[in-house]
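The chain is numbered in sequence order, starting from 1. Just so it is clear, the structure is predicted and the values come from calculations on it, not from any experiment.
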Amino acid sequence: MQVNEERFALMLGHAALLVWGEMPRDIQESLFEIAVQGHPEDRDPLAKLLHDRHPRTVHSD
């Protein structure tokens, strides 16, 4: 069962990357926060990847 769960999580992650720019901002923020929970070292690299792939998701300061 664990193998399928990891495979499906990977599939879902790839799908989320593809449609990230089409997601509502609150969904983006929630998903991002859950993804980096327990992985603070990945916060900036993940944000950069998402912003590079989907420029409209760049947050204004």
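- Residues Ile34 and Ile27 fall into different hydrophobic clusters, defined by Ile, Leu, Val, Met, Phe, Trp and Tyr side chains chained together at heavy-atom separations under 4.5 Å.
- When each of Leu46, Asp44, Asp52 is paired with Lys48, the side-chain contact (heavy atoms from CB on, under 4.5 Å) condition holds for Asp52 and for no other.
- Annotation for His54 and Leu17: closest pair NE2-O, 2.8 Å, computed over non-hydrogen atoms.
- In this structure, the side chains of Glu5 and Phe8 stay at 4.5 Å or more apart for every pair of heavy atoms.
- In this structure, the separation between CD on Glu33 and CD on Gln37 is 8.5 Å, given to the nearest 0.5 Å.
- Inter-residue side-chain proximity for Gln28 and Leu50 is flagged as unmet; no heavy-atom pair is nearer than 4.5 Å.
- The shortest distance between side-chain heavy atoms of His39 and Glu41 falls below 4.5 Å.
- Residues Phe32 and Leu12 are members of separate hydrophobic clusters, defined by side-chain heavy-atom contacts under 4.5 angstrom among Ile, Leu, Val, Met, Phe, Trp and Tyr.
- Residues Leu18 and Arg53 form a side-chain contact, since some pair of their non-hydrogen atoms from C-beta on lies under 4.5 Å apart.
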